[in-house]
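Just below is one structure, and these are the notes that go with it.
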Protein chains: 2
Amino acid sequence: MSQTVDRALSILPLLAQGPADLGQVAERLGVHKSTALRLLRTLHDHGLVYRQQDQRYRLGARLFALAQEAVENLDVREIAHPHLITLNEQIGHTVHLAVYEESEVLYIDKVESRYPVRMYSRIGKPVAITVAAVAKLLLADLPESERRVIAEKLDYPMYTSRSTPNAAAFLKELAAVREQGWATDLGGHEESINCIGAPIRGAAGRVVAAMSVSAPNVVVTAEELLSLLPLVRRTADVISREYSGSVTPH
Amino acid sequence: MSQTVDRALSILPLLAQGPADLGQVAERLGVHKSTALRLLRTLHDHGLVYRQQDQRYRLGARLFALAQEAVENLDVREIAHPHLITLNEQIGHTVHLAVYEESEVLYIDKVESRYPVRMYSRIGKPVAITVAAVAKLLLADLPESERRVIAEKLDYPMYTSRSTPNAAAFLKELAAVREQGWATDLGGHEESINCIGAPIRGAAGRVVAAMSVSAPNVVVTAEELLSLLPLVRRTADVISREYSGSVTPH
DNA sequence: ATGACTGTTGCAAGTAGTGCAACGGCCGTC
DNA sequence: GACGGCCGTTGCACTACTTGCAACAGTCAT
């Protein structure tokens, strides 16, 4: 691993917490100011960091552009999107699409119910991995051994009284999800929010993404939401078939 | 500027165009395979690139997370958003928010008319800088000399017959915009789309962002759209006042 | 005007990145 | 089934690149 690059890249999450000046960056990196300066300059030249009027550095605009292009290259998302829209029009609730990558589950698309409140909102943010329906679906498909390793390493924050409490419960839940081919999150993340989700599978049958429908229980009860399950699963299957058919270009 | 970091960062836009394998990366960087491997590994460790099953590399998930955090740190966006929503509810058309950074203008927020079609859509993508109303507003506020330099360096693609044809016309337009305090794009980017925009100013009176309302002329004529100008300007002013009042922490 | 602070530059020392060459695994071909 | 090519990977010697230092410049407050 390249030390110089390593240091430079460490600056990014550091700045993600908020703007910082040269001295702060140097200190938190544990290097000389002049070193930090050169690293920042290089990042700056590539548009990844930006220097505001008060000379402090913050994350730059090209980061958006890159993330934008990256997400557009995800063919699952491309294929799934129109189906998510359709589903949203049919049932009205918020629809999510998520993938698993490097021990993280994150939303890559979202169609909001009604008007778009806080667009972007959670897209790109890591999902509450121990409770979210999509996370269960994605992890449930991993080989047994890997599931176990991951489950042991996770934290199990009790967002609500119905959150997954520990690794054993989580593994049991994953086994059930794997068996039944769908997943729920009934108030496990926020007391009043329920979700149902279904997996999207690639040509080899492996789960490549997961989708979910979320709704507050003041709008629909958990039972009513569950009655939508067949529709959600059907949508996921349609996406799966379309995705399996599409050969990735080279 | 650090050569190693420079090379590593050059990989990102390269991968933004699509996945690539080690050989391709090495070739396009002009370095030995082993060098490219180590750079990629470092990027990988930081989650910026991801290695898919076929061993090819593509942009990674943390990039989203970073972009996400970066956008949340933009206080203009935070403050403006509810006002954009309100404006959208009043007039129904698409509302954009944009900033200028490093010779680029880019959208940082968007409230779509009606249902959210293709969320994310253009957010993060560079704006057509020579014609967009928001671009004119942001550039018009720069000092005369800087405006001139930028105008000379730009390309002037003729998207339509009403696109800005050259630097002289652009500078003239900027002067007019600066004078009148608002801007339009009447079919300069897409023949059937009109926009009106207004600037958002910080405490020092400098333009820190710009907002615009866009609508196809099959829905409203340019004249009708222009009649909304007072409302748009008033919204921009409200945001300006709120933004000026809020002192950035530190 | 003085001092303390920040950001910036040139330079010498040595570390850390580089390219090479050789290895190993994989896949298609003969 | 063995061979040959292809791609990713590793160890190593060499030198180029990064590093920290120290001195300079600019800005603000005392």
Side-chain angles (χ1 to χ4, degrees), chain A residues 1-12 14-15 17-60 101-102 143 202-204 206 247-250, chain B residues 1-12 14-15 17-60 101-102 143 145-146 202-204 206 247-250:
Chain A
M1 192 167 75
S2 162
Q3 185 191 73
T4 318
V5 179
D6 183 45
R7 285 176 173 166
L9 296 182
S10 301
I11 294 177
L12 297 178
L14 193 155
L15 290 184
Q17 298 165 17
D21 63 27
L22 179 62
Q24 295 169 331
V25 172
E27 188 192 8
R28 297 193 57 180
L29 273 184
V31 297
H32 197 272
K33 277 187 306 178
S34 58
T35 304
L37 177 68
R38 281 180 290 251
L39 295 177
L40 281 165
R41 270 221 266 261
T42 310
L43 289 169
H44 179 92
D45 289 345
H46 287 258
L48 297 185
V49 308
Y50 175 70
R51 193 151 203 197
Q52 35 189 33
Q53 291 84 343
D54 61 358
Q55 294 216 108
R56 292 188 304 163
Y57 295 91
R58 63 165 172 77
L59 294 182
E101 182 175 321
E102 307 282 327
R206 293 290 307 274
V247 186
T248 327
H250 283 282
Chain B
M1 191 167 73
S2 163
Q3 185 191 72
T4 319
V5 179
D6 183 44
R7 284 175 172 169
L9 296 182
S10 301
I11 294 177
L12 297 178
L14 193 155
L15 290 183
Q17 298 166 17
D21 63 27
L22 179 61
Q24 295 169 332
V25 172
E27 188 191 8
R28 299 194 56 181
L29 273 184
V31 298
H32 198 271
K33 277 187 305 179
S34 58
T35 304
L37 177 67
R38 281 179 290 249
L39 295 178
L40 282 165
R41 271 220 266 259
T42 310
L43 290 169
H44 179 91
D45 289 346
H46 286 258
L48 297 184
V49 308
Y50 175 70
R51 195 153 201 196
Q52 35 190 33
Q53 291 84 344
D54 60 359
Q55 294 216 109
R56 292 189 304 163
Y57 295 90
R58 63 168 172 75
L59 294 182
E101 182 175 322
E102 308 283 326
S145 55
E146 206 167 330
R206 293 289 308 274
V247 185
T248 329
H250 289 286

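Values reported hereafter were calculated over all heavy atoms of this structure, with side chains retained and with hydrogens, waters and symmetry mates removed. Here is the naming used below: chain letters follow the sequence lines, and residue numbers restart at 1 for every chain.
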Please report the distance, rounded to the nearest Å, between [atom1] in [X] and [atom2] in [N].
{"X": "A:Leu39", "N": "D:dC17", "atom1": "CG", "atom2": "P", "result": "16 Å"}
{"X": "A:Arg7", "N": "D:dC17", "atom1": "CZ", "atom2": "P", "result": "18 Å"}
{"X": "B:Leu40", "N": "D:dT10", "atom1": "CG", "atom2": "P", "result": "14 Å"}
{"X": "A:Arg38", "N": "D:dC21", "atom1": "CZ", "atom2": "P", "result": "12 Å"}
{"X": "B:Gln24", "N": "D:dG8", "atom1": "CD", "atom2": "C1'", "result": "14 Å"}

Any residue meeting salt bridge (charged side-chain N to carboxylate O under 4.0 Å, His left out) with A:Arg206, in chain and number order, not counting sequence neighbours: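 For A:Arg206 the salt bridge (charged side-chain N to carboxylate O under 4.0 Å, His left out) partners, ignoring immediate neighbours, are A:Asp141.
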
Residues B:Leu9, A:Val5; criterion side-chain contact (heavy atoms from CB on, under 4.5 Å); working and verdict: CA-CA 9 Å; B:Leu9 296 182; A:Val5 179; over 6 Å; no

Axial bend angle, the helix from C:dA1-D:dT30 to C:dC30-D:dG1: five-pair end segments, nearest 10°: 30°

Nearest-nucleotide comparison on DNA chain C, the residue closer to the 5′ end among A:Asp21 and B:Gln3: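 The answer here is A:Asp21.
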
Test side-chain contact (heavy atoms from CB on, under 4.5 Å) applied to B:Val31 and B:Val25, step by step: CA-CA 9 Å; B:Val31 298; B:Val25 172; over 6 Å; no

side-chain contact (heavy atoms from CB on, under 4.5 Å) partners for B:Gln52, two or more places apart: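 Testing B:Gln52 for side-chain contact (heavy atoms from CB on, under 4.5 Å), a comparison that skips the adjacent residues, returns B:Pro19, B:Tyr50, B:Asp54, B:Arg56, B:Arg58.
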
Distance-only donor-acceptor pairs under 3.5 Å for side chains of residues 39-46 of chain A, two or more places apart:
{"residue": "A:Thr42", "atom": "OG1", "partner": "A:Arg38", "partner atom": "O", "Å": "2.9"}
{"residue": "A:Thr42", "atom": "OG1", "partner": "B:Ser2", "partner atom": "N", "Å": "3.0"}
{"residue": "A:His44", "atom": "NE2", "partner": "B:Glu102", "partner atom": "OE1", "Å": "3.4"}
{"residue": "A:His46", "atom": "NE2", "partner": "B:Asp6", "partner atom": "OD1", "Å": "2.5"}

Residue pair A:Ser34 / A:His32: nearest heavy atoms and the distance that separates them: OG-ND1, 3.0 Å

Non-hydrogen atoms of A:Leu14 and A:Arg28 that approach each other most closely: CD1-CB, 3.6 Å

Among D:dT10, D:dT18, D:dG8, the nucleotide that comes nearest once only the side chain of B:Arg51 is considered: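 Within the option list, the nearest is D:dG8.
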
From D:dT19, D:dT9, D:dC17, nucleotide with atom closest to B:Leu22 side chain: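 Output: D:dT9.
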
Straight-line distance of B:Leu48 CG to B:Tyr57 OH, nearest 0.5 Å: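 B:Leu48 CG to B:Tyr57 OH: 13.5 Å, rounded to 0.5 Å.
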
Opening and closing nucleotides of DNA chain C in contact with chain A, under 4.0 Å to non-hydrogen atoms: C:dG7 to C:dG17

Nucleic acid contacts - residues 27-34 of chain A versus DNA chain D, non-hydrogen atoms under 4.0 Å: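 The stretch gives A:Val31, A:His32, A:Ser34 as the residues lying under 4.0 Å from the strand, ordered by number.
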
Short side-chain N/O contact from B:Thr4 to OP1 or OP2 of D:dC17, under 4.0 Å: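 It does not, given that no N or O in the side chain of B:Thr4 lies less than 4.0 Å from OP1 or OP2 of D:dC17.
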
